[in-house]
Amino acid sequence: SEARSTGKKVESVVFYAGRVKRLVAVPAADGLAVHIEQLAELDVTNLGTLAESLRQVEAVLGARVREQLDPPAPGSRQAPP
């Protein structure tokens with residue numbers, strides 16, 4: 001609804017059913033286009049794969065939280081990583 005009301009692209013990262021996905025809603029003249037990209041998935045094959053996939057999920061979600069907590073100020077200059 002935010003994409004429809006603002007007319008701007010809206011992006012969200014969600015964890016649902018063992019998967020982390022990036023959802024991008026783009027308003028268009030004839031409706032709303034939603035693009036879905038899978039970023040990580042829990043693998044419950046064995047304890048080793050579960051542990052590794054949990055680390056991947058944590059890394060993806062942790063990176064997203066850091067982006068939201070410390071966004072750059074508009075017009076600010078930042079040193080390259």
Engineer: Strictly below 4.0 Å, N to O, side chains only: are R55 and E58 in salt-bridge contact?
Structural biologist: no

Engineer: Could you tell me which non-hydrogen atom of A3 sits nearest to which non-hydrogen atom of P27, and how far apart they are?
Structural biologist: O-CG, 3.5 Å

Engineer: Spell out, yes or no, whether Y16 and L39 are grouped together once hydrophobic residues are joined by side-chain heavy atoms under 4.5 Å, including indirect joins.
Structural biologist: no

Engineer: Got a sec, which residues hit salt bridge (charged side-chain N to carboxylate O under 4.0 Å, His left out) with R22, two or more places apart in sequence or on another chain?
Structural biologist: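 With sequence neighbours excluded, R22 shows a salt bridge (charged side-chain N to carboxylate O under 4.0 Å, His left out) to E11, E37, given in chain and number order.
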
Engineer: Could you list the residues that satisfy side chain to side chain contact (heavy atoms under 4.5 Å, CB included) with S12, not counting sequence neighbours?
Structural biologist: V14

Engineer: Share the residues that join V24 in a hydrophobic cluster, the rule being Ile, Leu, Val, Met, Phe, Trp or Tyr side chains under 4.5 Å apart at the heavy-atom level.
Structural biologist: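 Members alongside V24: V26.
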
Engineer: Test of understanding: clusters of I, L, V, M, F, W, Y form through side-chain heavy atoms closer than 4.5 Å, transitively. Do V60 and L54 belong to the same one?
Structural biologist: yes

Engineer: For residues V34 and F15: do they belong to one hydrophobic cluster (side chain heavy atoms under 4.5 Å, members Ile, Leu, Val, Met, Phe, Trp, Tyr)?
Structural biologist: no

Engineer: Once you round to the nearest 0.5 Å, how far does NZ of K21 lie from CD of E41?
Structural biologist: 8.0 Å

Engineer: Would L50 and V20 show up in the same hydrophobic cluster when neighbours are defined by side-chain heavy atoms closer than 4.5 Å?
Structural biologist: yes

Engineer: When rounded to the nearest 0.5 angstrom, what is the spacing between CG in N46 and CD in E52?
Structural biologist: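 CD of E52 is found 11.5 Å from CG of N46.
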
